[in-house]
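Structure first, commentary second.
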Protein chains: 2
Amino acid sequence: MYACTLNDEDSLEHSLFRRLWNISRKEVAKLAGVSEATVSRVLNNVGPMKEKTRERVLKAAAELGYVPSALAQQFARRRSGNVGVILPAVPKVHLFSTYYFSEILSGIGETAKRCGYDLLLIFREPEGARDYAKLFRMQKIDACIVLGSRDVPEERAALAELKAGGHPFCLVNQRYDDERYETVDADHLAGSREAVRHLLAQGKRKVAFVNGPEEYSNSADRLEGYLAALAEAGVEREDERIFAGNYSRKSGYELAGTIAERIRGGGIDAVFAANDRMAIGLLQGLRERGIEAGDHYALVGYDDSDGSRITSPRLSTVAVPFYEMGRMAAARLLEPELGDSALQDGGTMLPVSFIRRETS
Amino acid sequence: MYACTLNDEDSLEHSLFRRLWNISRKEVAKLAGVSEATVSRVLNNVGPMKEKTRERVLKAAAELGYVPSALAQQFARRRSGNVGVILPAVPKVHLFSTYYFSEILSGIGETAKRCGYDLLLIFREPEGARDYAKLFRMQKIDACIVLGSRDVPEERAALAELKAGGHPFCLVNQRYDDERYETVDADHLAGSREAVRHLLAQGKRKVAFVNGPEEYSNSADRLEGYLAALAEAGVEREDERIFAGNYSRKSGYELAGTIAERIRGGGIDAVFAANDRMAIGLLQGLRERGIEAGDHYALVGYDDSDGSRITSPRLSTVAVPFYEMGRMAAARLLEPELGDSALQDGGTMLPVSFIRRETS
DNA sequence: TCATTTAATGTACACGCGTACATTATGGCA
DNA sequence: TGCCATAATGTACGCGTGTACATTAAATGA
């Protein structure tokens, strides 16, 4: 039918080699009979162009199955198109709810995708070597979101370096009030106050508090909320009722011995734990000692994690909009114009809500 | 002391602009008094070089705070250095244990970091548009690991295209036995058989099975293991004892009505659920009907998730080495020479182990 | 019709690195 | 000393885009 001309050679090339030799702008340009620049302009929709040309180029691109090389684009644009997400070192993940991270990560992913960014996962080095700024200098990422940040010297140094370098980043669930970093947090003070108010409203007067490590601003917020609620109700602060865990279930479990005695002795009639995991550990530890949540004492956790729904009795807790927080953190970095309008400025605080279940 | 020469201008440049204008190989070369190629060779440790030169270059690089541009490197090497990790669409995540993903992800991350790769997170599109191969054609990733794969036509097509394109990928926890894809799975047949054997050994003879959707090879494996154990014990298969859930807690919960009746009627004396979430949902649903696990019936879950430890009674289950599976999947792709030696060839199956707790 | 603006396209180069190849230093050996 | 093999380094270019600038085509106005 057709003579074996150059055209046929071309189509042979297309059908056979398109998967072998990556075809580039050049081939598309040749097929469409235009210059490479025109191809580029059509695909990026920049500058004026004749509709006819546009169609020819798009057709040629489709025919060749052309896909621009992200590598070359990134290089030419000097942007990686990646948002780095910094996660706690592997073993630390288990201190937090994994639920916590998957929710936040999903939220970040949603916004990032919408803005044309990809997510680069970065596990924090266990041994203090946290050179976040290097990731920017290497141009691996254009922005980054820091999860599980703790107020320790190495972390402060790393963040200060980011700031000094002018690198866009956003903290989630951790504030450095003296630093004015971009931050998305939830109103843990209000959440804790609410939780403790609830306990007080039940007539409890000896409310213990199991907090997490003080390197997390979350912990300070919760303490503040706890104290505020007590003060409101005219209940005196009692330091013996304040305990320190590390947000792991185990740490809650291990406090059960001490707390059991106090409950038996009438020194404690309710417990507010700074997260569900510790609350659950405590619940289990106390149960082993014959002390039942919701019966011998009231218990409230924090996070509304999956776990809070599967204990029995079900755990009262405070719901935190992790997914929203992730979305917002990403939006702050990737679409700052929208971000500002969406929040009352400086209002990085998302609302939380107390959820009463069976342990209180 | 020093005259204001070009040298001083240079050091001014270093101290002030090193963070503003990204310095490149060129500046290092000039400062070290060598060619750019030599800088490159020193930094990549390629070819012979004089120790003296090496030191000069490294010193210059350090002095300038030089960091190679990952973008340019990737472009020149035509490798992104990224491993794509494909995750279920956001809403789906909740069907799986988030524990499951964070474990596997950590395992992948460990190996990837060791091999000098980064992790690019990719959420599967909800609407069937899963063009995995495009990620390779765009050169966004050099390899990919597919999590939560389901045997549906779109998925098969996407995987077939990957294979046809010669793109390295590895499935985790899902097999396509007719396709010979690179896969890392655990021995769910053995795990399920073990779990059911245990129930039978307790004298149970009417063991129900709550399975997940059949698009997951995991589900088929578990069914097979369940049936194998029954057959061994000479217990006849009874289709009315086989139920279909979707791996969510809710789906287990919703089966409670039917199963409660059967337990009361003596038609069921034990339940093996294909994952912990369904087991927990069922446990809760039955409890609401006054039927207690470990008491009125025996219950075994699957996954050894966090949740299995916090129910009461604690859930008997089957532990799966998710972290190891992640490590191995990554190793398969990134260090195939080691991977092959580590496993008996074709032996993609990792062992699982039954864990007896209080519900059985 | 021609001059002048504006639309549409082409030409040329930078981006920062890796690396093939050319070139120059070095050392061994006769 | 001269020759050769090899070590060490330099030169030059490609990788596939984006885009500034130059050029040409079309449109507008007198």
Side-chain angles (χ1 to χ4, degrees), chain A residues 17-18 20-58 60-61 64-82 116 134 136-140 142, chain B residues 17-18 20-58 60-61 64-81 116 134-140 142:
Chain A
F17 297 122
R18 66 203 290 179
L20 265 63
W21 290 28
N22 260 335
I23 52 209
S24 69
R25 202 172 62 170
K26 185 152 78 168
E27 285 78 49
V28 178
K30 200 188 342 174
L31 181 59
V34 297
S35 74
E36 291 189 46
T38 298
V39 174
S40 186
R41 279 186 291 251
V42 167
L43 295 177
N44 293 350
N45 201 29
V46 45
M49 60 192 106
K50 206 181 282 181
E51 181 56 25
K52 193 72 186 165
T53 311
R54 183 186 158 74
E55 286 166 8
R56 271 220 316 285
V57 170
L58 290 174
L64 293 172
Y66 168 69
V67 177
S69 160
L71 257 40
Q73 289 182 320
Q74 291 165 5
F75 178 54
R77 294 175 175 146
R78 280 174 287 283
R79 294 190 323 118
S80 67
N82 291 332
K134 191 172 184 182
F136 284 92
R137 286 196 303 256
M138 296 177 75
Q139 301 178 276
K140 286 217 170 191
D142 301 328
Chain B
F17 297 123
R18 66 202 290 181
L20 267 62
W21 291 27
N22 261 335
I23 52 207
S24 67
R25 202 173 62 170
K26 184 153 79 167
E27 286 77 51
V28 178
K30 203 197 324 181
L31 181 60
V34 298
S35 74
E36 291 189 47
T38 299
V39 174
S40 186
R41 279 186 292 248
V42 167
L43 295 177
N44 293 349
N45 201 29
V46 46
M49 58 193 109
K50 205 181 283 179
E51 181 56 24
K52 193 71 186 168
T53 310
R54 183 187 159 75
E55 284 167 9
R56 272 218 316 287
V57 170
L58 290 174
L64 293 173
Y66 168 69
V67 177
S69 160
L71 258 38
Q73 288 182 318
Q74 291 164 6
F75 178 53
R77 294 176 175 145
R78 281 176 288 282
R79 293 190 324 119
S80 68
K134 190 172 183 182
L135 295 164
F136 283 92
R137 285 194 304 252
M138 296 178 74
Q139 301 178 276
K140 286 217 171 193
D142 301 327

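Chain letters run A, B, ... following the sequence lines, proteins first, then strands; residues in each count from 1.
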For the side chain of [X], counting heavy atoms from C-beta on, which of [options] is nearest?
X       : options                : result
B:Thr38 : C:dT19, D:dG10, D:dA8  : D:dG10
B:Ala37 : D:dT19, C:dG18, D:dG10 : D:dG10
B:Pro68 : C:dC17, C:dA8, D:dG10  : C:dC17
A:Tyr66 : C:dC17, D:dT17, C:dT11 : D:dT17

What is the distance, to the nearest angstrom, from the [atom1] atom on [X] to the [atom2] atom on [N]?
X       : N      : atom1 : atom2 : answer
A:Lys52 : D:dA26 : NZ    : P     : 15 Å
B:Asn44 : C:dA20 : CG    : P     : 12 Å
A:Glu51 : D:dA26 : CD    : P     : 17 Å
B:Arg54 : D:dT9  : CZ    : C1'   : 16 Å
B:Arg77 : C:dT19 : CZ    : P     : 7 Å
A:Asn45 : D:dG18 : CG    : P     : 13 Å
B:Arg41 : C:dA20 : CZ    : C1'   : 10 Å
A:Arg56 : C:dG10 : CZ    : C1'   : 13 Å

Checking all strands, does [X] fall into the base, sugar-phosphate, or nothing category for heavy-atom contacts under 4.0 angstrom?
X       : value
A:Gln74 : nothing
B:Arg25 : base
A:Ser40 : base
B:Arg78 : sugar-phosphate
A:Val46 : nothing

Is there a side-chain polar atom (N or O) of A:Gln73 under 4.0 Å from OP1 or OP2 of D:dG18?
yes
With a cut-off of less than 4.0 Å, is there a side-chain N or O of B:Ser69 near OP1 or OP2 of C:dG16?
no
With nearest nucleotide decided by heavy atoms, which residue, B:Val67 or B:Lys50, maps closer to the 5′ end of DNA chain C?
B:Val67
Under a 4.5 Å cut-off applied to non-hydrogen side-chain atoms, are [X] and [Y] in contact?
X        : Y        : value
A:Arg54  : A:Asn45  : yes
B:Leu58  : B:Leu43  : yes
A:Arg137 : A:Lys134 : yes
A:Arg25  : A:Tyr66  : yes
B:Met49  : B:Thr38  : no

Between B:Phe75 and C:dC15, do the rings stack, that is, sit under 5.5 Å apart with planes less than 30° off each other?
no
Select from B:Gln139 and B:Val34 the residue whose nearest nucleotide in DNA chain D is closer to the 5' end of that strand.
B:Val34
Please compare B:Met49 and B:Ala72 by the position of their nearest nucleotide in DNA chain D and report the one closer to 5'.
B:Met49
List the atom of A:Ala32, the atom of A:Ala60, and the distance in Å for their closest heavy-atom pair.
CB-CB, 3.9 Å
